[in-house]
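A quick write-up on the structure given underneath.
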Amino acid sequence: GAVVSQHPSRVICKSGTSVKIECRSLDFQATTMFWYRQFPKQSLMLMATSNEGSKATYEQGVEKDKFLINHASLTLSTLTVTSAHPEDSSFYICSARLRGGNTIYFGEGSWLTVV
Amino acid sequence: EDKVVQSPLSLVVHEGDTVTLNCSYEVTNFRSLLWYKQEKKAPTFLFMLTSSGIEKKSGRLSSILDKKELFSILNITATQTGDSAVYLCAVYTGTASKLTFGTGTRLQVTL
């Protein structure tokens, strides 16, 4: 199946700093990428939807100035957590929709710990 | 607001049992329903269903969609300990172009 690569898989950062997570579709073009956050033993919560070349659409309650999403090309989207706080510690997962299709594939996820 | 509900929330079975996981939905502009298996990391894709009544099968797993009654089931026969995971159901809607997830069913298969 299609491969979505997410990097880094684990990151620890200090409170107040910013951290960037990359999501790449390795063998297909993804017109739409999605960013999710997952708390322990809970389901995935959609944070934002990003379409290549346009601004991301954020879900209600998600601060767009704090979670910056850039979808610069058909194979790359980035999520930057700015001025991170311990409560931002979570598992962040990206997914990509196959261009022209409905199947959505997930990256491996990134564990963020803010200390 | 789009809603996807899964049941049961958790399930413990013995190896060799057959299990049925349920997913019901209320969404606007349904396009497809997807099943994922999540172990320690991100979900892995199992099935995508778009048409009613057509069973999709992969080994011991199968799934079917009922668009009239707005639900889907995921069956696992002859369960193995490796099937232990959280099974997520998600509905892809065209209007908002997003995937809405259910709460998941946590399956534990014991020896």
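Lettering of chains follows the sequences in order, A, B, ..., and the numbering in each one begins at 1. Since this is a predicted model, take the numbers as computed values, not measurements.
- Under the 4.5 Å side-chain heavy-atom criterion for grouping Ile, Leu, Val, Met, Phe, Trp and Tyr, A:Trp35 is not connected to A:Tyr105 through any hydrophobic cluster.
- Interatomic distance, OG1 of A:Thr32 versus OH of B:Tyr92, reported as 5.5 Å (0.5 Å rounding).
- Shown here is A:Lys20, whose NZ atom has no more than 12 heavy atoms of other residues, nucleotides or ligands within 6.0 Å.
- Put simply, OG1 on B:Thr100 and CE on A:Met45 are 12.5 Å apart, with the number rounded to the nearest 0.5 Å.
- Residues from residues 73-93 of chain A that place a non-hydrogen atom less than 4.5 Å from a non-hydrogen atom of chain B comprise A:Phe91, A:Ile93, given in numerical order.
- A continuous path of Ile, Leu, Val, Met, Phe, Trp and Tyr side chains, each step under 4.5 Å between heavy atoms, connects B:Val86 with B:Tyr36, placing both in one hydrophobic cluster.
- Side-chain heavy atoms closer than 4.5 Å link hydrophobic residues (I, L, V, M, F, W, Y) into clusters, and following such links, even through other members, never connects A:Phe34 to A:Tyr58.
- Interface remark: B:Gln6 contributes no atoms to any contact with chain A (heavy atom separation under 4.5 Å).
- Connection of B:Leu88 to B:Phe71 is not established within any shared hydrophobic cluster, with ILVMFWY side chains joined at heavy-atom distances below 4.5 Å, either directly or through further cluster members.
- Residue A:Leu46 touches chain B through its side chain alone, counting heavy-atom pairs closer than 4.5 Å.
- With rounding to the nearest 0.5 Å, the separation of CD in A:Glu108 from OG1 in B:Thr44 is 12.0 Å.
- You'll find the ring centres of A:Phe106 and B:Phe101 inside the 6.0 Å limit.
- Shortest non-hydrogen contact noted between B:Ala42 and A:Gly107 is CB-O, 2.6 Å.
- For A:Arg24, the salt bridge (Lys or Arg N to Asp or Glu O under 4.0 Å) partners at least two apart in sequence or on another chain are A:Glu22.
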Given A:Arg97 and B:Leu99, is the side chain to side chain contact (heavy atoms under 4.5 Å, CB included) satisfied, shown in steps? CA-CA 10 Å; A:Arg97 182 167 70 93; B:Leu99 205 57; over 6 Å; no
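- Cluster membership for A:Tyr36 and A:Trp111, using ILVMFWY side-chain heavy atoms within less than 4.5 angstrom, is shared.
- The other members of the hydrophobic cluster of B:Leu33, by chain and number, are B:Val4, B:Leu11, B:Val13, B:Val19, B:Leu21, B:Tyr25, B:Val27, B:Phe30, B:Trp35, B:Leu46, B:Phe47, B:Leu49, B:Leu61, B:Leu65, B:Leu70, B:Leu74, B:Ile76, B:Tyr87, B:Val91, B:Leu107, B:Val109 (side-chain heavy atoms under 4.5 Å, ILVMFWY only).
- Listed by first and then second residue, the disulfide (SG to SG under 2.5 Å) pairs involving residues 14-74 of chain A are A:Cys23-A:Cys94 (not counting sequence neighbours).
- With a 4.5 angstrom heavy-atom cutoff, A:Gln6 does not touch chain B via any of its atoms.
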